[in-house]
Trainee: 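Quick one: the structure is below, questions incoming.
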Amino acid sequence: MNTPVNKNDQLTVYIEDLTHDGSGVAKVDGYPLFIHGGLPDEKAEVRVVKTLKNYGFAKLLHIVEPSPFRVEAPCPVFYECGGCQLQHINYEGQLKWKENMVRNVMQRLGKIDAPVLPVKGMKNPWEYRNKSQIPFGLVDGKVIAGFYQAKSHRIADTPTCLIQSDEADRLMRAFKENALKLDLVPYNEDTKKGQLRHLVVRKGRATGEVMVVLVTRHPKLSKMEAIIELIREVEPKVTSIMQNINSKNTNVIFGDQTNLLWGKPTIEDLIGDVRFEISARSFYQVNPEQTEVLYQQALDYAQLEGDETVIDAYCGIGTISLFLAQKAKQVLGVEIVPQAIEDAKRNAELNGFTNTFFEAGPAEEVIPRWYKEGKTADVLVVDPPRKGCDEALLTTIIEQRPKRVVYVSCNPATLARDLRILEDGGYKTQEIQPVDMFPQTTHCEVVTWLELV
């Protein structure tokens with residue numbers, strides 16, 4: 001295998017970009033080297049540690065010329081933990097990189113020439129997560145907890161997490177200290193033994209309500225009263241304590257059975273003036289402050305005057321639907337998960353909305369039937385998972401021809417792909433607005449406005 005560099009070569013390189021997992025990218029005669037810890041616009045000394053046919057990996061030895069955006073990462077386990085990738089870049093630099101990343105992806109993958117606006121960031125890009133899913137482990141008789149190391153299921157033992165809530169931090173530390181006393185031996189993925197798999201903490205930013213979910217391997221809790229007492233002592237604002245049982249050999253966090261141990265089965269939060277009821281397994285955006293920014297942007301792009309019918313594909317528990325319902329004549333939401341549709345109906349009732357209709361099923365099947373029944377859309381909103389829109393749904397949009405499409409995306413790459421299909425089908429991308437939902441990470445949400453031409 002002929003490559004421009006060989007293993008153990010030591011050389012000075014110029015780092016051009018970052019990968020999706022935050023590694024620096026340098027090129028030697030066109031051959032990419034991925035360098036963990038390197039930043040764009042840096043000159044660095046590196047040692048090649050692995051070479052493959054089309055790319056290689058190098059270790060950062062010394063920064064010759066640092067990036068103007070480089071800072072000391074404040075988290076003591078930043079280089080071990082896989083939760084954050086950008087703490088060594090100041091926030092101005094993070095927003096600049098995300099804007100350039102979105103623009104480059106749109107042009108490279110979708111050939112989309114619409115304007116990409118500056119990223120809407122946060123005033124305080126820390127402690128923003130309202131949901132933490134914390135794995136536990138046992139190493140040499142000591143309980144550890146934190147977050148998984150990058151590309152592994154090894155836990156980076158974390159004293160505190162700078163992007164999660166204080167409540168989650170306190171509860172994490174309390175269970176590290178007391179898990180064994182409470183007969184909650186951490187689960188071992190290799191031996192399939194142990195009881196405590198995850199601690200999940202959810203918080204309503206606007207209401208202050210806190211939910212704690214213990215994810216265990218089997219239902220029996222021999223010291224349930226002591227567990228409840230500990231949680232309530234550590235976190236007096238707790239209003240819901242749940243147990244989820246996951247006995248399967250899987251990386252999926254939640255099992256199918258959820259039991260109420262104390263308090264009520266849900267907590268509430270507000271996005272703008274809209275109130276939402278959140279259960280242990282509800283999908284709800286983890287950054288409520290930026291969620292309001294994101295949904296307001298979607299509402300602005302929808303340009304509703306009060307007489308429109310809006311279809312919300314992938315509506316989930318109705319978060320965007322209810323935001324739109326404040327301005328639309330009618331909102332029709334479709335989602336493939338039946339429980340999410342039940343949550344959406346309940347949230348609509350909670351807020352007194354009578355102009356919403358929700359149905360469970362595949363959007364690419366339900367929406368064409370709605371059109372045949374006369375339920376047509378002036379505006380169609382999509383907020384799909386990371387894989388993007390189902391191809392059949394894109395075909396449906398092109399065939400049904402709503403005059404305006406608002407596309408909310410958590411993956412710029414699949415967004416660019418789908419925008420190309422919609423543009424080829426008769427739409428024109430008008431504007432692209434990135435929103436920083438996940439500071440300190442490489443992830444970026446994007447809201448896009450398209451018009452039928």
Side-chain angles (χ1 to χ4, degrees), residues 5 11-52 54-75 77-110 116-122 125-126 147-152 156 162-163 386 409-416 432 434-446:
V5 296
L11 57 156
T12 301
V13 297
Y14 175 76
I15 300 172
E16 303 175 9
D17 202 354
L18 290 177
T19 65
H20 69 280
D21 64 356
S23 294
V25 184
K27 291 183 179 177
V28 180
D29 296 334
Y31 180 80
L33 280 177
F34 301 129
I35 305 154
H36 184 55
L39 296 182
D41 300 322
E42 288 189 332
K43 185 182 287 186
E45 291 182 9
V46 301
R47 184 177 72 251
V48 179
V49 294
K50 186 176 183 179
T51 58
L52 300 172
N54 296 316
Y55 57 89
F57 298 87
K59 181 178 181 180
L60 183 66
L61 299 177
H62 173 66
I63 300 169
V64 179
E65 295 178 8
S67 161
F69 299 115
R70 178 177 281 279
V71 294
E72 188 71 30
C75 176
V77 296
F78 168 67
Y79 290 102
E80 301 170 41
C81 178
C84 295
Q85 301 86 41
L86 301 182
Q87 284 193 18
H88 55 330
I89 309 177
N90 68 21
Y91 196 49
E92 177 191 357
Q94 292 182 32
L95 297 180
K96 177 181 172 64
W97 177 79
K98 290 184 180 186
E99 178 186 338
N100 290 336
M101 180 269 292
V102 171
R103 182 177 292 109
N104 292 340
V105 167
M106 292 303 126
Q107 294 172 350
R108 189 178 76 253
L109 298 183
V116 176
L117 304 184
V119 182
K120 290 188 175 182
M122 299 186 71
W126 303 98
F147 299 91
Y148 292 122
Q149 297 177 29
K151 300 178 182 178
S152 82
L162 301 181
I163 64 171
R386 288 190 62 78
S409 171
C410 59
N411 185 343
T414 55
L415 170 63
I432 299 169
V435 177
D436 191 22
M437 295 283 286
F438 308 101
Q440 318 308 327
T441 80
T442 54
H443 300 294
C444 189
E445 294 264 338
V446 184

Trainee: Determine the minimum heavy-atom distance between M122 and P439, stating which atoms define it.
Mentor: SD-CG, 3.6 Å

Trainee: Nearest 0.5 Å please: distance from the CZ atom of F78 over to the CD atom of E72.
Mentor: 10.0 Å

Trainee: Got F34 and D21 here, is their nearest side-chain heavy-atom distance under 4.5 Å?
Mentor: no

Trainee: Without swapping roles, check the side chain of Q94 against the backbone of Q440 for a donor-acceptor pair under 3.5 Å.
Mentor: yes

Trainee: When you measure from the side chain of Y91 to the backbone of G121, do you find a donor-acceptor pair of N or O atoms at a distance under 3.5 Å?
Mentor: no

Trainee: Between E92 and K96, does any side-chain N to carboxylate O distance fall below 4.0 Å?
Mentor: no

Trainee: Is C81 close to Q149 at the side-chain level, that is, under 4.5 Å between some pair of heavy atoms?
Mentor: no

Trainee: For K120, is there an ion pair with D436 - N to carboxylate O distance below 4.0 angstrom?
Mentor: no

Trainee: With rounding to the nearest 0.5 angstrom, report the CG to CG distance, L109 to N104.
Mentor: 10.0 Å

Trainee: Look at the aromatic rings of H36 and Y79 and report parallel, tilted or perpendicular, splitting at 30° and 60°.
Mentor: perpendicular

Trainee: Apply side chain to side chain contact (heavy atoms under 4.5 Å, CB included) to L86 and T441, showing your working.
Mentor: CA-CA 5 Å; L86 301 182; T441 80; 5.8 Å; no

Trainee: Are any side-chain N or O atoms of Q87 and backbone N or O atoms of C84, one a donor and one an acceptor, separated by less than 3.5 Å?
Mentor: no

Trainee: Any chance you could lay out the side chain to side chain contact (heavy atoms under 4.5 Å, CB included) test for I35 and V13, step after step, and finish with the verdict?
Mentor: CA-CA 10 Å; I35 305 154; V13 297; 3.9 Å; yes

Trainee: With a 4.5 Å heavy-atom cut-off, do D17 and M101 have their side chains touching?
Mentor: no

Trainee: Is the F438 ring parallel, tilted or perpendicular to the H443 ring (thresholds 30°, 60°)?
Mentor: perpendicular

Trainee: Is the shortest heavy-atom distance from the side chain of K27 to the side chain of L33 under 4.5 Å?
Mentor: no

Trainee: Between S409 and N411, do the side chains contain a donor N or O and an acceptor N or O under 3.5 Å apart?
Mentor: no

Trainee: If I compare all heavy atoms of H88 with all of G38, which pair ends up nearest, and what's the gap?
Mentor: NE2-O, 4.4 Å

Trainee: Look at the side chain of R386 and the backbone N and O of C410, then say whether any donor-acceptor pair between them is shorter than 3.5 Å.
Mentor: yes

Trainee: Side chain to side chain contact (heavy atoms under 4.5 Å, CB included) between I89 and R70: does it pass, once the steps are laid out?
Mentor: CA-CA 5 Å; I89 309 177; R70 178 177 281 279; over 6 Å; no

Trainee: To the nearest 0.5 Å, tell me how far T19 OG1 sits from Q85 CD.
Mentor: 9.0 Å

Trainee: Please test E45 against V64 for side chain to side chain contact (heavy atoms under 4.5 Å, CB included), starting from the C-alpha separation and ending with a verdict.
Mentor: CA-CA 7 Å; E45 291 182 9; V64 179; 3.9 Å; yes

Trainee: Does L11 reach the side chain of V28, with side-chain heavy atoms less than 4.5 Å apart?
Mentor: yes

Trainee: Could you give the distance from OG1 (T51) to CZ (F57), rounded to the nearest 0.5 Å?
Mentor: 10.5 Å

Trainee: Give a yes or no answer on whether the side chain of Y14 reaches the backbone of K43 with a donor-acceptor pair at less than 3.5 Å.
Mentor: no

Trainee: Would you call V5 and Y31 a side-chain contact if the rule is heavy atoms closer than 4.5 Å?
Mentor: yes

Trainee: Looking only at atom types and distance, does a side-chain atom of E42 sit under 3.5 Å from a main-chain N or O of S67, one as donor and one as acceptor?
Mentor: yes

Trainee: Can you check whether L18 reaches V25 side chain to side chain, under 4.5 Å on heavy atoms?
Mentor: no

Trainee: Atom NE2 of H20 and atom OG1 of T442: how far apart are they, to the nearest 0.5 Å?
Mentor: 7.0 Å

Trainee: To check you understand the geometry: which heavy-atom pair defines the closest contact between I15 and G24, and what is its length?
Mentor: CG2-CA, 3.8 Å

Trainee: Apply ring pair (Phe, Tyr, Trp, His ring centres under 6.0 Å) to F69 and list each qualifying residue two or more places apart in sequence or on a separate chain.
Mentor: none

Trainee: Looking only at heavy atoms, what is the nearest atom pair of P434 and V116, with distance?
Mentor: CG-CG1, 3.9 Å

